[in-house]
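In what follows, a structure is listed as structure tokens, so that the remarks can point back to it.
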2 protein chains.
Amino acid sequence: MLDDVDHQILDLLKRNSRLTYTEIGKQINMSSPAVKTRMERLEDYVINRYTVEVNHNELNKGIHGFVLFKTKSCEKLMNYCKENKNIIDLWRISGEYNYMAKVICAKIEELEQISKDTTQYAFSNILSILGNYNVEEG
Amino acid sequence: MLDDVDHQILDLLKRNSRLTYTEIGKQINMSSPAVKTRMERLEDYVINRYTVEVNHNELNKGIHGFVLFKTKSCEKLMNYCKENKNIIDLWRISGEYNYMAKVICAKIEELEQISKDTTQYAFSNILSILGNYNVEEG
DNA sequence: CCTGAAAATATATCGCC
DNA sequence: GGCGATATATTTTCAGG
């Protein structure tokens, strides 16, 4: 299980995963080899990957949305979502719809195209993202 | 604008944001000072933050879901979502509902509690996440 | 599990192209 | 914009508690 120090390290890495062992150590009063050992253990169990959050608007990907799907052709839909480079997340969900995809694209037509592409085997419903609020601490 | 080298760097950082300048340089045939300069420019415009993706199941946060809200008390709802530590994302959306929150928690009761907490000013609908498919390349 | 020391790597700066 | 050289900083390894 994780102790308080592990959580402190994860919190620091969440804010900036490029912090050096030395810098993390300074902030939590621990030597850099000890930080390294802790992080290696976290990497085995808890850390999926160190990654980067990009500003999609700056990348000319200003259209964001969710697409809800109701389908019985699960494999077909999953394969489609894997192929479509604008779809960055896919969840199996409970309720009236059984899948939801997150879409990041340049033009509204690309978002609408997803419904057209899947119309033969899935009923879909587009939720455009009009705003994104930071609710996480840190 | 971003050129091909910038995209290569972002792709590498997306997979592992702790890569050293030296290692990135090796993979794209560029010197480490040049990689550093590029990354500093990316940090100004395109990179929001370097972060870490954690395995929530390992952290005893195995219940994942979305909550759709229909409300006229936007400020009230936003403040509630900021206070609730299980809510990690909040979007303004188009359609029948006007907000959607992403929730990561330990027990199903915590997910259901959100509907109860907001019932006086928002109508809500819970979509439990039953599975999460990796559709991103890399 | 942690620290401190020391060798091996990486970063940061800068002159030059 | 990028490269090579070099001074500074960090990482890595390991002996010792």
Side-chain angles (χ1 to χ4, degrees), chain A residues 1-62 85 88 104-106 134 136-138, chain B residues 1-62 85 104 106 134 136-138:
Chain A
M1 271 312 299
L2 303 194
D3 65 12
D4 188 54
V5 175
D6 291 324
H7 284 290
Q8 284 182 273
I9 293 173
L10 284 175
D11 283 347
L12 289 170
L13 289 171
K14 197 164 228 174
R15 294 199 194 89
N16 180 7
S17 61
R18 283 185 70 81
L19 285 177
T20 63
Y21 298 128
T22 305
E23 182 57 35
I24 294 169
K26 271 182 199 157
Q27 297 200 37
I28 64 173
N29 295 311
M30 186 177 258
S31 70
S32 65
V35 173
K36 178 178 154 67
T37 306
R38 292 258 184 176
M39 280 176 57
E40 281 166 350
R41 200 162 43 77
L42 291 171
E43 285 160 15
D44 290 336
Y45 290 89
V46 176
I47 291 174
N48 286 340
R49 63 172 180 174
Y50 300 107
T51 188
V52 62
E53 274 180 22
V54 298
N55 182 333
H56 290 102
N57 293 350
E58 288 290 339
L59 288 171
N60 284 334
K61 294 274 197 172
K85 67 181 191 345
I88 61 160
I104 306 271
C105 56
N134 225 351
E136 259 190 308
E137 51 214 305
Chain B
M1 272 310 299
L2 303 195
D3 65 12
D4 188 53
V5 175
D6 290 324
H7 284 290
Q8 283 181 273
I9 292 173
L10 285 174
D11 283 346
L12 288 170
L13 289 171
K14 197 162 227 175
R15 295 198 193 92
N16 180 8
S17 60
R18 283 185 69 80
L19 284 177
T20 63
Y21 299 129
T22 305
E23 182 58 34
I24 293 169
K26 269 182 201 159
Q27 295 200 38
I28 64 173
N29 296 312
M30 187 176 258
S31 70
S32 66
V35 173
K36 179 177 153 66
T37 307
R38 291 261 183 173
M39 279 175 58
E40 282 166 350
R41 198 163 44 78
L42 291 171
E43 285 160 15
D44 290 338
Y45 290 90
V46 177
I47 292 174
N48 286 340
R49 63 171 179 174
Y50 300 106
T51 189
V52 62
E53 275 179 20
V54 298
N55 182 334
H56 289 103
N57 292 350
E58 289 289 338
L59 288 171
N60 285 334
K61 294 273 199 174
K85 66 179 190 348
I104 306 273
N134 225 349
E136 260 190 307
E137 52 215 304

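Computed from a predicted structure; not experimentally measured. The chains referred to below are lettered A, B, ... by the order of the sequence lines, with proteins before strands, and numbering in each begins at 1. Atom set for the values below is all heavy atoms of this structure, side chains included, hydrogens, waters and symmetry mates excluded.
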Tell me whether the side-chain N/O atoms of B:K36 come closer than 4.0 Å to OP1 or OP2 in C:dA12. yes
Length of the CG-P vector between A:N29 and C:dG4, whole Å: 12 Å
Grab the two heavy atoms, one from B:K14 and one from B:E136, that are nearest each other, plus how far apart they are. NZ-OE2, 3.5 Å
What's the CG-P distance between A:L2 and C:dC1, to the nearest Å? 12 Å
Return the value, rounded to whole Å, for the distance between atom CE of B:M39 and atom C1' of C:dA12. 14 Å
To the nearest angstrom, the CZ-P distance between B:R18 and C:dT9 comes to 18 Å
Without swapping roles, check the side chain of A:T37 against the backbone of A:P33 for a donor-acceptor pair under 3.5 Å. yes
Span of DNA chain D, from the first to the last nucleotide whose atoms fall under 4.0 Å of chain A heavy atoms: D:dT10 to D:dT13
Side-chain donor or acceptor of A:R18 paired with backbone N/O of B:L19 under 3.5 Å: yes
Quick check: on DNA chain D, is the nucleotide nearest B:P33 upstream (toward 5') of the one nearest A:T20, or the reverse? Name the residue that is more 5'. B:P33
Run through B:V52, B:N16, B:T51 and flag the one making a side chain to side chain contact (heavy atoms under 4.5 Å, CB included) with A:T51. B:T51
Closest heavy-atom contact between B:N55 and A:N48? CB-OD1, 3.5 Å
Which residue lies toward the 5' end of DNA chain C, B:L19 or A:S32, if each is placed at its nearest nucleotide? A:S32
Minimal heavy-atom distance between B:L13 and B:Y50, with the atoms involved, is CD1-CE2, 4.1 Å
